[in-house]
Amino acid sequence: MDIQDNKVADGKISENINENMADIFDSVFKTLLQRFPKLAVALINEVFHVDYGEDEVIIQGRNEYHSSEGKVINDAMLRIRNKIYHIECQSTSDGLMVIRMIEYDFKIALEETRNILVNELKKKSGERSKEPLSFQFPQSCMICVRSGIEKEETLKLQIIMPNGQKVLYEVPIVQVQNFSKEDMFKKRLLILIPFYVLRYEKDIKAGKNEILGKLKKEYEYIKEQLITEGSSINEPRVYYDLALLSQKILDYIGKGNEEYKERMGNIMGGVILEMESDKIWDKAWNTAWNTAWNKSGQYADSRRQILCVDNMVKKMNMSLEKACEIQNITVDDYQNAIKFVHEIEENGMSRADNL
């Protein structure tokens with residue numbers, strides 16, 4: 001992935017989040033699961049007491065269905081081995097979540113059952129299963145990212161069949177605030193990291209800025225962990241997006257609070273710069289022809305300078321002159337580096353096309 005790819009990807013993240021800022025939390029959750037479905041594995045292990053590895057094959061299912069009221073969209077439907085998992089992120093409560101959950105689950109189960117039946121009907125009559133057709137609900141859970149949304153540990157709904165048999169439909173509720181920042185990294189619940197600040201949401205909105213010192217220290221820990229882990233794995237992009245989306249929620253929570261904005265407004269910026277400048281580009285261009293061009297290190301150095309300057313200008317609202325000064329280069333050096341890199345990349349694409 002080159003820098004243009006990064007810009008496009010970041011633009012898509014921002015576009016998705018900005019479509020409905022009132023539901024930014026749901027958008028962040030969906031964005032992470034769509035881009036990195038493997039982040040769901042640790043969450044599924046924690047909630048359903050299974051032991052899947054991070055290398056499990058995950059198949060993302062359809063999350064769009066139609067009801068009498070229009071389109072129904074769930075947050076995530078994932079298949080691991082022979083199990084289907086349905087995960088919903090919830091940030092508000094209207095008392096109807098159990099109804100929506102069973103509607104989602106019914107439609108998922110109905111489609112799965114229909115597929116099984118169609119496959120059976122394709123078989124010769126003697127090869128078809130003798131067992132009754134099963135209608136199996138997925139394994140579902142609801143993630144509460146804000147405090148006080150749901151008081152119970154599960155959503156419950158009693159289903160009464162025509163013969164009077166009663167079946168209890170029950171969905172576990174995961175409270176994000178029950179996990180410490182240490183838990184999130186230890187248990188690999190990385191998908192919950194962007195929502196960490198929400199445990200302080202009420203205090204922040206009430207202007208209790210005395211908590212900001214504590215909050216900043218906690219995010220310094222989170223930032224260090226993201227940089228450390230992002231520097232030691234093959235997917236730094238995961239940690240880059242975790243930092244980027246965490247900052248979006250941090251900014252959203254602190255709207256209108258100037259002291260908060262001053263102290264927390266760019267707390268994740270260091271992670272974003274570290275990930276882009278030191279990892280993403282290096283891994284993306286780790287190819288045979290790139291090795292030949294980088295003998296002198298000039299290409300890699302120019303690329304890093306451009307990435308760092310671009311990030312400071314766009315994410316820290318610095319002037320181009322100030323960003324170049326921090327990088328110990330002139331504006332002319334920056335512009336020459338862009339020309340040099342473009343020349344190398346165009347040459348590289350030409351070579352790649354001929355491979």
Side-chain angles (χ1 to χ4, degrees), residues 9 13 25-61 75-91 138-146 153 171-199 217-250 267-268 270-272 274-275 278-280 283:
I13 287 179
F25 316 117
D26 187 58
S27 297
V28 166
F29 190 79
K30 286 181 179 178
T31 297
L32 282 171
L33 276 182
Q34 287 168 3
R35 291 167 66 79
F36 308 110
K38 288 186 181 295
L39 289 179
V41 172
L43 184 61
I44 289 170
N45 285 343
E46 177 71 19
V47 177
F48 299 106
H49 309 293
V50 289
D51 190 26
Y52 295 126
E54 291 190 355
D55 59 346
E56 291 284 349
V57 175
I58 300 174
I59 300 174
Q60 289 182 284
D75 287 345
M77 194 270 274
L78 308 167
R79 184 189 299 274
I80 304 179
R81 300 182 191 174
N82 62 339
K83 293 279 188 180
I84 296 177
Y85 295 92
H86 166 216
I87 306 171
E88 288 294 320
C89 173
Q90 191 71 5
S91 61
Q139 298 270 18
S140 297
C141 69
M142 187 178 80
I143 312 299
C144 284
V145 297
R146 300 168 96 175
E153 293 183 356
V171 174
I173 297 172
V174 178
Q175 303 286 355
V176 172
Q177 70 268 17
N178 288 345
F179 296 95
S180 68
K181 59 187 183 300
E182 291 83 5
D183 287 337
M184 291 180 183
F185 285 100
K186 182 179 179 181
K187 295 185 175 186
R188 310 302 297 160
L189 298 172
L190 303 179
I191 198 169
L192 303 184
I193 288 172
F195 308 104
Y196 184 82
V197 69
L198 294 179
R199 65 197 64 202
K217 285 183 179 178
E218 293 187 352
Y219 267 87
E220 289 290 347
Y221 171 87
I222 291 172
K223 181 170 69 173
E224 289 174 7
Q225 290 297 310
L226 289 175
I227 290 176
T228 299
E229 297 201 20
S231 300
S232 62
I233 63 167
N234 294 324
E235 288 189 277
R237 185 77 212 191
V238 176
Y239 292 83
Y240 172 86
D241 279 5
L242 284 169
L244 187 68
L245 294 171
S246 294
Q247 189 65 58
K248 286 186 179 293
I249 291 183
L250 282 162
I267 189 68
M268 306 306 289
V271 185
I272 294 168
E274 178 79 13
M275 292 295 100
D278 288 342
K279 283 293 172 184
I280 293 174
K283 291 183 180 296

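Along the sequence shown, residues are numbered consecutively beginning with 1.
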Atom pair [atom1]/[atom2] of [X] and [Y] - distance to nearest 0.5 Å:
| X | Y | atom1 | atom2 | value |
| --- | --- | --- | --- | --- |
| L39 | R188 | CG | CZ | 9.0 Å |
| I58 | R79 | CD1 | CZ | 13.0 Å |
| L245 | T31 | CG | OG1 | 6.0 Å |
| L189 | E46 | CG | CD | 5.5 Å |
| L43 | I143 | CG | CD1 | 4.5 Å |
| M142 | C144 | CE | SG | 3.5 Å |

When you compare the side chain of [Y] with that of [X], does any pair of heavy atoms fall below 4.5 Å?
| X | Y | value |
| --- | --- | --- |
| F179 | V174 | yes |
| C141 | F48 | yes |
| M268 | L226 | yes |
| F25 | L198 | yes |

Least distance between heavy atoms, [X] atom then [Y] atom:
| X | Y | answer |
| --- | --- | --- |
| K223 | I267 | CD-O, 3.2 Å |
| C89 | V145 | SG-CG1, 3.6 Å |
| I249 | P194 | CD1-O, 3.5 Å |
| P172 | S140 | CD-O, 3.1 Å |

Judged by atom type as modelled, is there a donor-acceptor pair below 3.5 Å linking the side chain of [X] to the main-chain atoms of [Y]?
| X | Y | result |
| --- | --- | --- |
| N45 | A42 | no |
| R81 | E56 | no |
| Q177 | R199 | no |

(message) Could you go through K217 and E220, starting from their C-alpha distance and side-chain angles, then the distance that decides it, and tell me whether this counts as salt bridge (charged side-chain N to carboxylate O under 4.0 Å, His left out)?
(response) CA-CA 5 Å; K217 285 183 179 178; E220 289 290 347; over 6 Å; no
(request) Indicate the ring-plane relationship of Y196 and Y219, choosing parallel, tilted or perpendicular according to the 30° and 60° boundaries. (result)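 Rings of Y196 and Y219: perpendicular, as their planes differ by over 60°.
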(message) Please verify the inter-ring angle class for F185 with Y221; under 30° counts as parallel, over 60° as perpendicular, anything in between as tilted.
(response)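 Rings of F185 and Y221: perpendicular, as their planes differ by over 60°.
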